[in-house]
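See structure below.
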Amino acid sequence: MAACDENSMNLFVSENHGWLVRFLTGRLGSVQDAQDISQDTFLRIISASVVLPDVRESKAYLATIANRLIIDKARRKKLEHAYLQLHMHSDDVAPSAEEIHVNIERLEQVASLLEGLADKPRKAFLMARIDGLAYKDIAQELGVSVSMVKKYIAQSLLHCLTHLDLD
C-alpha cells in the first residue's frame with residue numbers, strides 16, 4: 001500500500017483513470033456517465049485520505065467504489081422519481097427545490113438505515129410509515145398475521161435505532 005500524498009495520488013489517478021472510464025462505460029453504456037462516476041470515485045478516495053492500494057489491487061478497489069456509487073446514484077434517482085410522482089398527484093402546493101432536496105436526503109437516510117433489514121420487515125415498515133397502511137392491511141398484503149407485522153415494525157425500529165448515527 002502506498003502513502004496518500006499528492007504525488008502518489010496523481011500517479012494513481014493517471015494510471016487508473018482510463019481503465020476505470022472504460023470499465024464504467026461498459027457497465028453504464030454512456031461515456032459521460034462513466035466519466036462522472038469515475039470522477040466521483042477518485043473524489044471519494046481523495047476525500048477519505050485512504051492509503052492507496054498497490055497496483056495489483058487498484059482495479060478491484062476502484063471497481064468496488066465505483067459500483068457502490070452506481071448503486072447510490074440509482075437509489076437516489078429512484079427516490080427522486082417516487083418523491084416527484086407523489087407530489088405531481090397531490091393537490092398541495094408544489095414544494096420548493098430546497099424542500100425537495102431536503103426531503104430526498106431524508107429519504108436516502110431512511111433507505112440507508114433500512115438496507116440491512118430482511119425483506120418483510122422492511123416492507124412492513126415502509127407500508128406503515130410511508131404508505132400509512134394499517135397493520136391489518138399490511139398483514140394481508142404480506143400474507144402474515146397482525147402480530148407478525150407488529151414484530152416486523154418493532155424489529156425495524158430497533159434496527160434503525162442501533163444503526164442511527166447519533167454523533
Side-chain angles (χ1 to χ4, degrees), residues 1-127 129-131 141 156 159-160 162-167:
M1 297 262 178
C4 189
D5 59 40
E6 187 175 344
N7 290 335
S8 60
M9 181 56 75
N10 288 338
L11 181 61
F12 182 76
V13 171
S14 67
E15 288 177 345
N16 292 289
H17 182 264
W19 174 85
L20 185 58
V21 170
R22 287 189 303 279
F23 169 77
L24 291 170
T25 300
R27 298 250 359 243
L28 301 171
S30 163
V31 174
Q32 184 177 357
D33 289 343
Q35 289 172 336
D36 288 344
I37 296 293
S38 175
Q39 180 179 357
D40 291 345
T41 300
F42 288 113
L43 284 173
R44 172 94 34 115
I45 293 167
I46 291 167
S47 65
S49 299
V50 296
V51 175
L52 297 174
D54 61 29
V55 175
R56 293 182 309 268
E57 301 168 345
S58 61
K59 287 182 172 76
Y61 179 70
L62 289 167
T64 300
I65 294 170
N67 284 328
R68 288 179 183 159
L69 289 169
I70 291 169
I71 291 167
D72 290 347
K73 186 175 182 178
R75 181 185 304 129
R76 182 176 181 88
K77 189 177 273 190
K78 187 176 177 181
L79 284 170
E80 286 175 1
H81 180 73
Y83 182 79
L84 292 174
Q85 288 296 318
L86 176 70
H87 283 286
M88 280 180 35
H89 302 295
S90 172
D91 293 335
D92 296 339
V93 175
S96 69
E98 183 178 342
E99 288 174 314
I100 290 172
H101 178 73
V102 167
N103 288 330
I104 288 173
E105 293 236 340
R106 286 181 184 153
L107 287 171
E108 284 179 334
Q109 289 171 341
V110 170
S112 178
L113 280 172
L114 297 177
E115 268 182 8
L117 275 173
D119 192 46
K120 284 188 178 182
R122 185 179 63 254
K123 284 181 180 178
F125 180 83
L126 291 173
M127 284 187 230
R129 299 292 188 227
I130 304 295
D131 299 333
E141 179 76 24
S156 299
H159 177 85
C160 288
T162 58
H163 290 85
L164 194 61
D165 185 15
L166 298 175
D167 291 336

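Keep in mind that this is a model prediction, so the values were computed, not measured.
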[X] side, atom [atom1]; [Y] side, atom [atom2] - distance, nearest 0.5 Å:
X: L62; Y: L69; atom1: CG; atom2: CG; result: 11.0 Å
X: Q35; Y: L24; atom1: CD; atom2: CG; result: 10.0 Å
X: F23; Y: L28; atom1: CZ; atom2: CG; result: 9.0 Å
X: I46; Y: N10; atom1: CD1; atom2: CG; result: 8.0 Å
X: C160; Y: F125; atom1: SG; atom2: CZ; result: 5.0 Å
X: K123; Y: L117; atom1: NZ; atom2: CG; result: 13.0 Å

- Message: List the residues meeting side-chain contact (heavy atoms from CB on, under 4.5 Å) with V13, not counting sequence neighbours, and say none if there are none.
- Response: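 For V13, the residues satisfying side-chain contact (heavy atoms from CB on, under 4.5 Å) (neighbours in sequence not counted) are M9, H17, F42.
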- Query: Do S38 side-chain atoms and A34 backbone N/O form a donor-acceptor pair below 3.5 Å?
  - Reply: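 Not confirmed, S38 side chain does not pair with A34 backbone.
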- Item | D40 side chain near K73 side chain, heavy-atom distance below 4.5 Å |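 Answer no - side chains too far apart.
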- Message: Among residues at least two apart in sequence or on other chains, which ones pass side-chain hydrogen bond (donor to acceptor under 3.5 Å, both in side chains) with K120?
- Response: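 With neighbours one apart ignored, the set is empty.
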- Query: Shortest non-hydrogen contact from S156 to P121?
  - Reply: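 Residues S156 and P121, closest heavy atoms: OG-O, 3.0 Å.
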- Minimum heavy-atom separation for A66 to L20, with atom names?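 Smallest interatomic distance, heavy atoms only, reads CB-CD1, 4.1 Å.
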- Might you confirm whether atom CD of E141 has over 12 heavy atoms from other residues, nucleotides or ligands at distances under 6.0 Å?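 No, not enclosed.
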